There are 2 protein chains.
Amino acid sequence: METHTALFHALADPARLRIVAAMKSGECAVGDLVERMDIHQSGVSRHLRILAEAGIVRMRPEGQKRLYSLRKEAFDQLETWVAGYRRHWEARLDRFGAALEHRQATSDNSTKESS
Amino acid sequence: METHTALFHALADPARLRIVAAMKSGECAVGDLVERMDIHQSGVSRHLRILAEAGIVRMRPEGQKRLYSLRKEAFDQLETWVAGYRRHWEARLDRFGAALEHRQATSDNSTKESS
DNA sequence: CATGTATATACACATATGTGTATATACATG
DNA sequence: CATGTATATACACATATGTGTATATACATG
């Protein structure tokens with residue numbers, strides 16, 4: 001029912017996020033992914049199933065291999081969702097003040113980087 | 001360590017996604033949110049804590065109430081993450097063919113709507 | 001300070017979830 | 001068809017997580 005929830009849920013796992021990042025460069029066979037990850041092949045296959053069910057990846061069989069790749073639709077959907085919140089701040093100066101931001105500073109990892 | 005994972009994880013729950021949607025219109029006291037949700041106040045408070053720790057919401061005490069609101073930084077971060085995948089498709093025609101899309105059609109909820 | 005309101009948190013519990021092991025399935029090759 | 005490779009899935013298990021109940025904390029009011 002909750003399409004976005006399914007999307008976010010699929011991306012909420014570190015292993016799956018790494019898998020998605022790995023596919024950024026293109027199609028990947030399951031074995032390719034297993035090599036880059038530190039979990040067993042069965043785990044990768046299961047993560048791929050979850051990603052597929054969320055509509056984030058597609059699968060294409062080639063011989064004995066199965067090549068997975070990212071689906072644009074999923075990312076479009078995410079972008080649309082985020083865009084819906086963009087209006088929230090458009091031409092609306094933050095009225096809560098910087099002082100409050102300080103209080104958040106401790107748990108604010110906004111500038112950190114990861115993939 | 002995985003900033004995005006934390007973000008996605010926080011948004012991966014239907015209740016939290018509803019809370020976020022509710023705050024789209026502006027600040028909300030915990031009690032306001034409880035009224036719109038079908039879970040107990042303690043549950044809402046816990047969800048708010050998770051959202052706060054993920055950097056998605058801020059809190060501002062006002063009298064006995066605590067007003068929660070969305071943090072732009074979190075949405076910027078999401079947008080940046082998605083944007084990183086946009087290049088993946090730019091000027092790169094889908095080389096996998098429409099036939100594969102058909103196979104995905106069953107589990108493809110891309111056109112559905114939710115909030 | 002006694003009482004009420006608003007919110008957070010500790011606790012217990014049922015369920016969901018990620019993982020490895022073992023096994024099944026599918027394809028390829030000789 | 002026997003064997004090997006590639007992947008998916010059933011199973012068991014430990015851990016994470018969402019929930020309600022009860023309670024603590026903080027503020028407001030008289």
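Because the structure is predicted, anything quoted here is derived from the model rather than measured.
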Take the protein atom [atom1] of [X] and the nucleotide atom [atom2] of [N], then report the distance between them rounded to whole Å.
X	N	atom1	atom2	result
B/Leu48	D/dG18	CG	P	13 Å
A/Ile50	C/dG18	CD1	C1'	8 Å
A/Arg16	C/dA16	CZ	C1'	12 Å
A/Leu51	C/dT17	CG	P	14 Å
B/Leu17	D/dT17	CG	C1'	17 Å
B/Asp13	D/dA16	CG	P	17 Å

(request) Could you state whether A/Leu67 and A/Leu70 fall into the same hydrophobic cluster, counting links through intermediate Ile, Leu, Val, Met, Phe, Trp or Tyr residues with side-chain heavy atoms under 4.5 angstrom apart? (result)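 A/Leu67 and A/Leu70: separate clusters.
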(request) Give a yes or no on whether a salt bridge exists between B/Arg18 and B/Asp13, defined as a side-chain N under 4.0 angstrom from a carboxylate O. (result)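 A salt bridge is absent here (no side-chain N lies under 4.0 Å from a carboxylate O).
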(message) Between the side chains of B/Arg86 and A/Asp76, is the shortest nitrogen-to-carboxylate-oxygen separation below 4.0 Å, so that they form an ion pair?
(response)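 Salt bridge present between A/Asp76 and B/Arg86.
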(request) Identify which one of B/Arg66, B/Arg60, B/Lys65 satisfies the salt bridge (charged side-chain N to carboxylate O under 4.0 Å, His left out) criterion when paired with B/Glu62. (result)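 Result for salt bridge (charged side-chain N to carboxylate O under 4.0 Å, His left out) with B/Glu62: B/Arg60.
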(request) Please work out the stems of DNA chain D from pairs that are Watson-Crick or G-U wobble with both distances under 3.5 Å, keeping only runs of three or more consecutive pairs. (result)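 In DNA chain D, stems of three or more pairs: C:1-30 with D:1-30.
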(request) Using a 4.0 Å heavy-atom cut-off, write out nucleotides 21-30 of chain C from 5' to 3' as B (base contacted by protein), S (sugar-phosphate only) or - (no contact). (result) BB----BS--
(message) Considering every strand and a 4.0 Å limit on heavy-atom distances, what is the contact class for B/Leu67: base, sugar-phosphate, or nothing?
(response)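 It contacts nothing in the nucleic acid.
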(message) Once you apply a heavy-atom cut-off of 4.0 Å, does A/Leu33 come out as touching a base, just sugar-phosphate, or nothing?
(response)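 Touches nothing.
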(message) Using 0.5 Å steps for rounding, measure from the NE2 atom of B/His4 to the CG atom of A/Leu17.
(response)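 Output value for this atom pair is 7.5 Å.
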(message) How long is the straight-line distance from CD1 of B/Ile56 back to CD1 of B/Ile50, given to the nearest 0.5 Å?
(response)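 If we round to the nearest 0.5 Å, B/Ile50:CD1 and B/Ile56:CD1 are 10.0 Å apart.
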(message) Is it the case that the ring center of A/Trp81 lies less than 6.0 angstrom away from the ring center of A/Tyr85?
(response)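 For A/Tyr85 and A/Trp81, the ring centres are under 6.0 Å apart.
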(message) Check whether A/His88 reaches the backbone of B/Lys24 with its side chain - one donor and one acceptor, N or O, closer than 3.5 Å.
(response)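 At least one qualifying donor-acceptor pair exists.
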(message) Is there a side-chain contact between B/His9 and the phosphate of D/dT17, meaning an N or O under 4.0 Å from OP1 or OP2?
(response)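 Result: yes.
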(message) With a 4.5 Å cut-off on side-chain heavy atoms, are A/His47 and A/Leu33 touching?
(response)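 No. Closest side-chain heavy atoms not under 4.5 Å.
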